[in-house]
Amino acid sequence: MMLVHALSVSERWRGVLTGGTTTTPAPSGPMELPISLRRAVDRALDGIALSDLKRAADRLSQRYRAEVRDGRFHLSDDLAARAYLATRLPATFAAVRSSMDAVAEALPDFAPVTALDVGAGPGTALWAASDCWASLDDALLIEGSPAIRAVGETLSGAAAPARIEWRAGDAAGDLPDLEPRDLVTLAYVLDELAEPARDRLVDRLWSLTAGTLLIVEPGTPAGWARVVRVRQRLVAAGAHLVAPCVHSSACPLAAPDWCHFSRRVARSRLHRMAKGAEVPWEDEKFVYVAASRQPGARPDARIIAPPWNAGNGRIGFKLCGRDGVQTERVLGKRDGAAFKVARRLDWGDGLSTQDQPEA
Ligand SMILES: C[S@@+](CC[C@H](N)C(=O)[O-])C[C@H]1O[C@@H](n2cnc3c(N)ncnc32)[C@H](O)[C@@H]1O
């Protein structure tokens with residue numbers, strides 16, 4: 001008899017499987033910033049003319065889209081930094097926070113006390129980490145741009161960890177005078193660095209990781225290619241991949257296919273106005289890799305694309321398996337309990353199969 005059960009699912013589905021019984025999952029809505037961060041952002045944006053914010057947001061998204069590297073920070077002035085708060089922080093927060101959920105599921109005993117975040121921007125990873133792990137007590141944030149560092153420092157006055165230090169530093173340099181920390185993060189930074197600097201930075205960050213290193217990038221083919229390279233370096237350095245990869249063999253995907261995930265994010269009124277957007281949400285596409293000094297719990301497979309309607313009430317899943325192989329599986333009612341569980345799962349969730357479902 002075939003049996004499929006969830007081993008590792010995102011926070012949306014926690015409680016789906018309790019003692020072998022199936023319960024209704026909590027409804028999943030667009031992710032919001034924690035209330036204290038939302039208030040701090042509102043204060044930071046108070047009094048800025050919408051037309052100025054809109055212009056700065058447009059400039060910023062052009063620079064990000066074109067992956068401009070002209071020696072200037074994208075967030076080089078105060079207005080650009082505040083435009084980032086309005087238009088990008090909710091999405092990068094959602095991507096980092098979702099990736100941390102996957103880490104917490106793989107490493108349920110991981111309770112980081114110290115954290116290091118490089119290319120911290122407005123402190124996104126600090127807020128996400130303290131939302132994910134109440135144990136967090138001491139955070140060091142390194143940021144090269146004085147404009148976003150100043151904004152981030154002000155915001156972090158409302159954050160939870162007892163000790164928060166902001167430091168000016170160059171991610172492309174040596175990052176001297178640092179001690180290993182439990183959690184090390186690098187979110188949406190690699191795409192702003194040249195390749196030799198990226199490799200050096202990843203090696204340096206791994207050397208500074210006492211527990212887990214999490215690297216998040218935009219969910220584009222280029223972002224995925226950067227993460228695949230990071231993944232190879234970390235595996236070669238002896239790291240345990242804890243998420244999203246369920247194996248340490250070579251990534252089975254080949255261009256033009258690429259691995260990425262998605263998180264729906266609430267858009268504030270100001271965000272909608274600054275972006276000229278109609279709908280009150282957006283889907284942030286991201287890709288990440290988390291590597292640890294300790295092995296994590298691995299599901300048998302991870303769902304690496306949106307499940308699809310396969311007709312006749314059946315659902316199709318694109319899976320990356322522990323054997324290092326990418327497969328597609330279709331489940332329907334005749335699969336019984338397996339289908340009941342699998343139909344609640346979503347893109348990015350882990351799936352454990354004791355008998356493979358029929359293709
Ligand atoms: C896209 S933002 C991401 C900010 C934040 N990590 C997040 O996820 O929202 C990239 C950040 O990296 C910083 N950065 C880029 N190159 C850097 C460098 N060489 N040294 C230090 N910070 C850098 C930028 O100033 C910016 O704040």
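We count ligands from 1, going down the list as the structure has it; atoms in each ligand are counted the same way.
With a 4.0 Å heavy-atom cut-off, ligand 1 is reached by no atom of Ala125. Residue-level proximity to ligand 1 for Leu193 is carried by the side chain, the only part with a heavy atom below 4.0 angstrom. Of the heavy atoms in Asp170, both backbone and side-chain atoms come closer than 4.0 Å to ligand 1.
The closest protein non-hydrogen atom to atom 20 (N) of ligand 1 is Ala171 N, 2.7 Å. Looking from atom 24 (C) of ligand 1 to the surrounding protein, the closest heavy atom is Glu143 OE2, 3.4 Å. The protein atom (non-hydrogen) at minimum distance from atom 15 (C) of ligand 1 is Glu192 OE1, 3.2 Å. Nearest to atom 22 (N) of ligand 1 among the protein's heavy atoms is Gly144 N, 3.1 Å. Atom 12 (O) of ligand 1 has its closest protein heavy atom at Gly119 CA, 3.6 Å. Taking atom 16 (N) of ligand 1 as the reference point, the nearest protein heavy-atom neighbour is Phe73 CE2, 3.7 Å. Looking from atom 7 (C) of ligand 1 to the surrounding protein, the closest heavy atom is Thr124 OG1, 3.1 Å.
Salt-bridge check for Glu179 with Arg181: failed, with every basic side-chain N at 4.0 Å or more from each acidic carboxylate O. A salt bridge links Arg229 and Asp199; the closest N-O separation between the charged side-chain nitrogens and carboxylate oxygens is under 4.0 Å.
Sorted pairs that involve residues 39-49 and meet side-chain hydrogen bond (donor to acceptor under 3.5 Å, both in side chains), not counting sequence neighbours, are lacking altogether. Counting only residues at least two apart or in different chains, ring pair (Phe, Tyr, Trp, His ring centres under 6.0 Å) contacts with residues 212-260 comprise Trp258-His260, His260-Trp347.
For the residue pair Arg72 and Ser76, a side-chain donor N or O sits within less than 3.5 Å of a side-chain acceptor on the partner.
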TODO: Could you please spell out the steps behind the salt bridge (charged side-chain N to carboxylate O under 4.0 Å, His left out) verdict for Asp203 and Arg233?
DONE: CA-CA 8 Å; Asp203 294 348; Arg233 292 188 86 76; 2.7 Å; yes
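In terms of polar-atom proximity, Tyr64 is not counted as a contact of ligand 1, lacking any N or O under 3.5 Å from an N or O of the ligand. When only interatomic distances are considered, the shortest N/O to N/O separation between Tyr84 and ligand 1 falls below 3.5 Å.
Among Ala172, Gly173, Ala120, Ala91, the residue whose heavy atom sits closest to atom 5 (C) of ligand 1 is Ala120.
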